[in-house]
Amino acid sequence: MNKIRVPDIVKKKKDKQKLVMLTSYDAITARIVDEAGVDIILIGDSLGNVVQGQDTTLPVSIEEMIYHTRLVSRGAKRAHICADMPFMSYQTSKQHATENAGRLMKEGFAESIKLETTDEYIETIKSIVSAGIPVMGHIGLCPQSYHAMGGYKIQGRDKKEKNRYIKLAKDTESAGAYSIVLEGIPLELAKAVTKSVSIPTIGIGAGPHCDGQVLVINDLVGLHNSRVPKFVKQYADFRDLMTKAVKSYSADVMNSKFPTDENSFSWSN
Ligand code: KIV
């Protein structure tokens, strides 16, 4: 079992091997995901939506990210551990950003950090990288800009924006990032951006031409009751499974079928 490290991730693009990334937010799920062989576990600030039940990722704090990163680090042994920088943990200054990135490493045991990347944060990436912290960029649909975007909207639909995105990806690479998430952009744009950089791109809602893919684990296993977005492939229906299990348990308790002697302790054995 070889630990996946940043150079292994970068090399995968050169070797034309796809990268597999998935989110996790707790130790037990992280262990399952890790043992199933994914390359990177992302502690996404999507935990605001799928763990905390919030409408956006905006309320997630750096303390909450550190806490969940520590849980995941405890569960995963092989996969690379990347932690999201939450809203307002990197926006106000390079120094604040670098300190918070450091906290995710020191207190959460992250092995790299990710931040939503626009032109404004290229210098921030340089500052974090210069502190010895590997950075994953994130281009396209940036959920922390939910209000500025006017909702979760696919970005880069206008073909004229192609060169702007390519420049941003190249600047992100030049700033020292080791990979870039491409979220919610047309597949043609993702293909062009992927070709333009030598670091891997990891897509979500960005089509098949990225160097890797990422999904939110809750979406993949079907833990939601809401509509599954177009870019998600649901591989299981855990919600249905859990509902059935809970209903069976309730029925058993109400009908005195659980616990039986088998589930009980006795003076005689
Ligand atoms: O927060 C998150 O889970 C993410 C992924 C969707 C890339 O940023």
Side-chain angles (χ1 to χ4, degrees), residues 9 18-26 29-30 33 38-62 64-69 71-72 76 79-91 100-101 104 108 110-118 121 125 134-146 149 151-156 169 172 177-185 190 193-194 199-207 210-221 223-224 226 228-234:
I9 294 167
K18 291 274 186 183
L19 280 159
V20 184
M21 179 156 100
L22 259 185
T23 69
S24 295
Y25 315 98
D26 66 84
T29 312
V33 167
V38 309
D39 298 306
I40 307 170
I41 298 182
L42 173 70
I43 303 90
D45 63 351
S46 52
L47 71 86
N49 306 98
V50 303
V51 176
Q52 298 176 338
Q54 319 249 25
D55 290 335
T56 70
T57 58
L58 302 187
V60 177
S61 68
I62 186 74
E64 287 162 347
M65 288 306 304
I66 291 168
Y67 171 75
H68 284 277
T69 303
L71 302 190
V72 168
H80 177 79
I81 308 290
C82 179
D84 245 342
M85 296 204 65
F87 182 57
M88 279 310 178
S89 69
Y90 61 95
Q91 282 87 347
N100 279 326
L104 286 164
E111 294 157 351
S112 68
I113 61 89
K114 172 168 87 59
L115 57 86
E116 295 186 6
T117 313
T118 54
Y121 302 112
I125 292 177
V135 174
M136 181 183 284
H138 181 148
I139 290 175
L141 195 164
C142 292
Q144 290 173 19
S145 300
Y146 176 81
M149 289 183 304
Y152 296 122
K153 293 192 176 144
I154 299 301
Q155 303 294 300
T172 305
Y178 73 94
S179 62
I180 309 174
V181 163
L182 300 181
E183 178 166 1
I185 59 173
V193 169
T194 298
I199 53 174
T201 61
I202 304 173
I204 176 161
C210 302
D211 299 307
Q213 295 292 327
V214 56
L215 280 179
V216 168
I217 184 77
N218 299 53
D219 292 340
L220 179 143
V221 299
L223 261 174
H224 298 301
S226 50
V228 178
K230 179 181 163 79
F231 62 84
V232 171
K233 182 166 174 187
Q234 193 182 307

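In listed order, ligands and their atoms are each counted from 1.
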Identity and separation of the nearest protein heavy atom to atom 7 (C) of ligand 1
L42 CD2, 3.8 Å
Do any nitrogen or oxygen atoms of D45 lie less than 3.5 angstrom from nitrogen or oxygen atoms of ligand 1?
yes
Got a second to check how far I9's CD1 is from I199's CD1, nearest 0.5 Å?
11.5 Å
Give the numbers and elements of all ligand 1 atoms closer than 4.0 Å to a heavy atom of T23.
3 (O)
How far does OH of Y90 sit from CG of D84, to the nearest 0.5 angstrom?
8.0 Å
Does ligand 1 have any atom sitting under 4.0 Å from a heavy atom of H138?
yes
Students should be able to answer this: which protein heavy-atom is nearest to atom 8 (O) of ligand 1, and at what distance?
K114 NZ, 2.8 Å
For atom 2 (C) of ligand 1, what is the nearest protein heavy atom, given as residue, atom name and distance?
S46 OG, 3.3 Å
Going from OG1 on T201 to CD1 on I180, what distance comes out if it is rounded to the nearest 0.5 angstrom?
7.5 Å
Distance under 4.0 Å to a non-hydrogen atom of G44: what atoms of ligand 1 satisfy this?
1 (O), 2 (C), 3 (O)
For atom 6 (C) of ligand 1, find the nearest protein heavy atom and state the residue, atom name and distance (0.1 Å precision).
I204 CD1, 3.6 Å
At what distance, to the nearest 0.5 angstrom, does CE of M21 lie from CD1 of I41?
11.0 Å
With rounding to the nearest 0.5 Å, note down the distance linking CG in L22 to CG in D219.
10.0 Å
Using distance alone, determine whether D84 and ligand 1 share an N or O pair under 3.5 Å.
yes
Does ligand 1 have an atom that lies less than 4.0 angstrom from a heavy atom of E116?
no
Side chains of Y121 and T172: any donor to acceptor distance under 3.5 Å?
no
Residue among V232, V50, N49 satisfying side-chain contact (heavy atoms from CB on, under 4.5 Å) with H224
V50
